[in-house]
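Below is one structure, written out as structure tokens; comments come after it.
These numbers come from the heavy atoms of this one structure, side chains and all, not from hydrogens, waters or symmetry mates.
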Amino acid sequence: MTSVPPQEDKSYIEELKKSLYSRTAPEVRTKRKLRFTEPVTEVKTDWEHPKEEDVRPKTLNPEYQEHHMSFFSKLLIISAIFCVIAVGIGAYLFFNGANLISANNINIVISGPVSIPGGVPATFDVTIQNKNNVALQLADMSVDFPSGATDPDKPGTPLTNLDKMIGDIPAGSTIHESVSVIIFGEANLQKTIKATLTYGVKGTSSTFTKVQSYDVLINSSPINVTVTSFKEITSGQEFDMKVDLKSNSQQVLKNVLLKAAYPFGYTYMSSSFPALSDNATWKIGDIPAGGNRVIIVHGKLTGEDSDLRAFHFTVGASSPSDPKSVGTEYMVVEQDMTIQKPFISMGVTVDNDATNNDHVGQFNSNERVVVNWSNNLPVSLSNMSITIKLSGTAYSKNDVQSGQGIFDSLNNQIVWNEQTNNEFASVAAGDTGHISFTITPKDLGTPNSPVVNPTLNFAVSVMGNRAQEANVPSILTSAVTKNVRISSNVSLSGRMVRTVGPFANSGLVPPRAERATTYTVIWDVDNTSNAISKAQVTATLPAYVKWLNTVSPSSENVTYDTHSGTITWNLGNVGTYTLNSSHRREVAFQISITPSVTQIGQIPTLVNQSTLTATDNFTGAQLESKQDVLTTRFSTDPRYQVGNESVVR
């Protein structure tokens, strides 16, 4: 029998070697799970050969065995621990929670009317319920009231808060308290009442609070305040605001005070009810149930075109500590007003001076005043008139030339209307024009009643009618003013003397050629209505005249420049109305002349033209006065004779 050779056995080492050197063999695992090798059953096909020893390991290397706990095992253990802790805490709270306290277990309920009329007493109930298992100790309830609240037991006394000592509140008990208050305010205004519970607990010195709020609506005000006026006004126009106060209360409103807050640019002028010193507060006093009071406030508002200004009027009971301020506020009303461009633009020109600054004029000098006007409205005006009111300490009604206007000397005004100017009957939109007059300022001062800092004042107003519109004036007015400041009259006078004055003069009269003759020069400075400063007189001496350096009085500041031959008298400040008074400024100095033979028969000049300059302190104008040349003709001297002035041989 031929034996069939068995298939070639591949040992484990050979397989491992083959996979080790193969490029396509899978990666060799370095760590695998422990497993047992399955037994191999062989069917003998030949005679039994000696059994080869199996060198493969029965188990993997211990270092490849996995000793880590799985994720699910860990999660199971953690869940078990958490469950044990939760059960423990729950058990503790269940058996020992009786001593714990929470603000959530304290209920504060405020009950009362959801809406109340202002000025009527109202009562609110406050319920405090302690749901904790321990008592609240030394509990204190504080109720805060809104602005406008007063004490019903003390009418007119503001009530801001109310404190009540409650004491201990046992566990599970309920406390009831009630509070009464009178709340003032505007209709449909919501007010808030706030209750605060302050308490302590056993075992701690800390205090705790619980707060609850309650909203209440004021369904009617105890007093109605209405303000009636224009919604639009032109800048500078005077107008009225009617403030009507009407009581809705069933009780007497005591010590009522009205206080106004004016916007920028408003000028209070008067009111129908006397105001306090601030011109914005009125003590109305008591208003009976259903009574009313009316106040008309007169003033004017200035501003730029399209400016919106707001007036605020506050009504309430006066404060006990300060009767001029509102302690309990009843109502606040706002009145808005828009400033519109003047319906008639006007510009006043005085002697071609169209600036907004004061014009500077002079006494006895005609001032031509021109008023240019323009209709700014998109519609025409009817019955337009322009009135100019004249005033001032330099105004003389005898020196007015009114032109086309009608001069009303009794009322010191000039009027132009449709009788004097036909075009004023109907002035179309955009129309322009002008009117004019002439006035001469006069010094109306007397020695017993001097006029200081004189002025002329022109107050120009225009009126016209336009179609009726809501909340705008149907009769429009506009106004501008122009002031003229009148400068002081200053004068410089000079004279030549020989036999009078502070100095003794020498030499022959008439003067002889080549012989010296001395003269005294006297300067006088007079001033009228306004004080002046930086006053100074200057003059020069001819080359043939000699300065003798003698001045009287010596207190006057007189200097001489030998190079230019200039004499300077620095007066500084000069008061008003110095003529024939002790304030008149005068100075004398002495000069000498030695005539040349070429001057025989002539009247030599001794002092060239003199000039006074000064600054008017009122008008700021630069003033000037001149004195003509002074010669050897000393005609103001009492001993002067005709012929004494000419040079002789």
Side-chain angles (χ1 to χ4, degrees), residues 228-242 265-267 269 296 298-309 335-350 354-356 368-391 400-408 411-439 457-483:
T228 306
S229 189
F230 302 125
K231 289 186 177 180
E232 295 180 1
I233 204 74
T234 59
S235 179
Q237 180 177 352
E238 297 181 12
F239 63 95
D240 291 334
M241 288 184 292
K242 180 182 177 183
Y266 178 77
T267 301
M269 302 180 73
I296 297 177
H298 183 74
K300 64 181 179 179
L301 186 62
T302 58
E304 299 298 325
D305 185 27
S306 300
D307 280 356
L308 179 64
R309 303 292 171 82
Q335 174 73 15
D336 293 333
M337 195 169 293
T338 302
I339 299 176
Q340 298 290 355
K341 185 178 181 180
F343 78 103
I344 290 287
S345 293
M346 290 188 296
V348 182
T349 300
V350 180
T355 65
N356 293 326
R368 186 171 186 268
V369 182
V370 178
V371 178
N372 298 289
W373 57 265
S374 173
N375 182 10
N376 297 323
L377 292 176
V379 296
S380 61
L381 290 169
S382 61
N383 301 324
M384 192 178 84
S385 66
I386 298 177
T387 302
I388 299 182
K389 206 71 172 160
L390 307 175
S391 61
V400 176
Q401 301 174 34
S402 60
Q404 285 185 280
I406 301 173
F407 178 44
D408 181 1
N411 296 306
N412 299 311
Q413 63 184 17
I414 308 174
V415 179
W416 291 261
N417 52 33
E418 57 183 299
Q419 295 178 348
T420 62
N421 299 68
N422 294 332
E423 65 272 21
F424 284 6
S426 179
V427 179
D431 275 1
T432 61
H434 72 273
I435 52 96
S436 64
F437 70 98
T438 301
I439 187 170
N457 310 112
F458 311 131
V460 186
S461 62
V462 59
M463 295 182 63
N465 296 335
R466 72 173 176 184
Q468 287 282 354
E469 297 181 35
N471 295 315
V472 295
S474 58
I475 299 178
L476 301 175
T477 63
S478 185
V480 294
T481 59
K482 186 70 175 182
N483 299 322

CE of M346 to OG of S461, rounded to nearest 0.5 Å, is 7.0 Å
Check the pair L381 / I344 against side chain to side chain contact (heavy atoms under 4.5 Å, CB included), numbers first and verdict last. CA-CA 10 Å; L381 290 169; I344 290 287; 3.7 Å; yes
Between the CD atom in E238 and the CE atom in M269, the distance rounded to the nearest 0.5 Å is 3.5 Å
N/O donor-acceptor pair under 3.5 Å between K482 side chain and A354 backbone: no
In this structure, NE2 of H434 is separated from CH2 of W416 (nearest 0.5 Å) by 11.0 Å
May I ask you to decide if N375's main-chain N or O and D431's side chain share a donor-acceptor pair within less than 3.5 Å? no
Which pair of non-hydrogen atoms, one from G430 and one from S374, has the smallest distance, and what is that distance? O-OG, 4.5 Å
Contact check, side chains of K300 and I233, non-hydrogen atoms, under 4.5 Å: no
Any non-hydrogen side-chain atom of N372 less than 4.5 Å from a side-chain atom of T432? no
Would you check if I435 and Q404 make a side-chain contact, meaning some heavy-atom pair closer than 4.5 Å? no
Are side-chain heavy atoms of L301 and F230 found at a separation under 4.5 Å? no
Exam field: side chain T302 to backbone G265, donor-acceptor pair closer than 3.5 Å: yes
Classify the ring geometry between F437 and F458 as parallel (under 30°), tilted (30 to 60°) or perpendicular (over 60°). perpendicular
Check this for me, if you would: do D240 and K242 make a salt bridge, where the nitrogen-to-carboxylate-oxygen distance has to be below 4.0 angstrom? no
Hey, could you give me the OG1/CD1 distance between T420 and I386, rounded to the nearest 0.5 Å? 9.0 Å
More than 12 foreign heavy atoms under 6.0 Å from CD of Q419: is that the case here? no
Atom pair CD1 (I439) and CD1 (I388), whose distance is rounded to the nearest 0.5 Å: 10.0 Å
Is any side-chain heavy atom of V348 closer than 4.5 Å to one of V369? yes
Mind running side chain to side chain contact (heavy atoms under 4.5 Å, CB included) on V427 and W373 for me, showing each step along the way? CA-CA 11 Å; V427 179; W373 57 265; 3.6 Å; yes
Holding to ring pair (Phe, Tyr, Trp, His ring centres under 6.0 Å), I want the full list of residues that pass it with F407, two or more places apart in sequence or in another chain. none
Just so I know, are the side chains of M337 and Y266 near enough to count as touching, which here means a heavy-atom distance under 4.5 Å? no
What do the steps show when you test I339 against R309 for side chain to side chain contact (heavy atoms under 4.5 Å, CB included), and what is the final call? CA-CA 8 Å; I339 299 176; R309 303 292 171 82; 4.0 Å; yes
Heavy-atom closest pair (S380 atom, A428 atom, distance to 0.1 Å) is CB-CA, 3.8 Å
Between D408 and V415, is the side chain to side chain contact (heavy atoms under 4.5 Å, CB included) condition met? List the steps. CA-CA 8 Å; D408 181 1; V415 179; 5.5 Å; no
Inter-residue atom distance N457.CG - K389.NZ, 0.5 Å rounding: 12.5 Å
So which atom in L377 and which in A429 form the shortest heavy-atom distance, rounded to 0.1 Å? O-CB, 3.1 Å
